[in-house]
Amino acid sequence: MDPPEAHPSNLRWLRSLPEGPVVVDGAFAAAHGTPIDEDAYIFGEIEALNVFRQTAFPLCFFGHSHFPVIFGLSPDAIQTVLTTPPSFRFRLEPGVRYLVNPGSIGQPRDGIPLASFALFDSGTQSVSVYRLPYRIERAQQKILDAGLPRPLADRLALGR
């Protein structure tokens, strides 16, 4: 089954969303880049530590880098957890703050050309990251049809 096309009403809804961070149901924050700057990247522990120092969110989901990863900050240390396909489940520990990047549906940057997304279970305090195949060729054609450069389309199959 093909995914639905982008309908104008869906695009309007996406454009109406506020810039992050947005707190969702009092359970977590969500931001595109970082909770500090929508256009900034978190690639490693130094950037993550900078975000932890400037925010107080116990849990924040972010994106922009297209790299599925979990950063945790406890009173003693910062840790990086790389997710592994096809599915990965991580239990959040009390007293630890987290920054979670679920990856992306398209243009992953970790060398694994699968769609990546996360589900958060507030009851079990766990994050599950799933990796699934998607129609890369169709996505590549849409990129080319939109007049974007071929290298952008080619990288979908490479996962970088």
Is the backbone of [Y] close enough, under 3.5 Å, to the side chain of [X] for a donor and an acceptor to pair up by distance?
| X | Y | answer |
| --- | --- | --- |
| Gln54 | Val51 | no |
| Gln141 | Arg138 | no |
| Arg89 | Val127 | no |
| Gln140 | Ala153 | yes |
| Ser116 | Pro102 | yes |

Run the ring-centre check on Phe120 versus Phe28 and record whether the distance is less than 6.0 Å.
yes
Hey, can you tell me if Phe62 and Phe71 have their rings parallel, tilted or perpendicular (30° and 60° cut-offs)?
parallel
Check the angle between the aromatic planes of His64 and Tyr41 and answer parallel, tilted or perpendicular using the 30° and 60° thresholds.
parallel
Does any donor atom in the side chain of Asp121 or Ser128 lie under 3.5 Å from an acceptor atom in the other side chain?
no
Pair Arg91, Ser126: side-chain N/O donor-acceptor within cut-off below 3.5 Å
no
Arg131: which residues meet the salt bridge (Lys or Arg N to Asp or Glu O under 4.0 Å) condition with it, sequence neighbours left out?
Asp110
Report the distance from atom CD1 of Ile136 to atom CG of Leu114, rounding to the nearest 0.5 Å.
7.0 Å
Would you say that more than 12 heavy atoms from the other residues, nucleotides or ligands in this model lie under 6.0 Å from the CD1 of Ile46, or not?
no
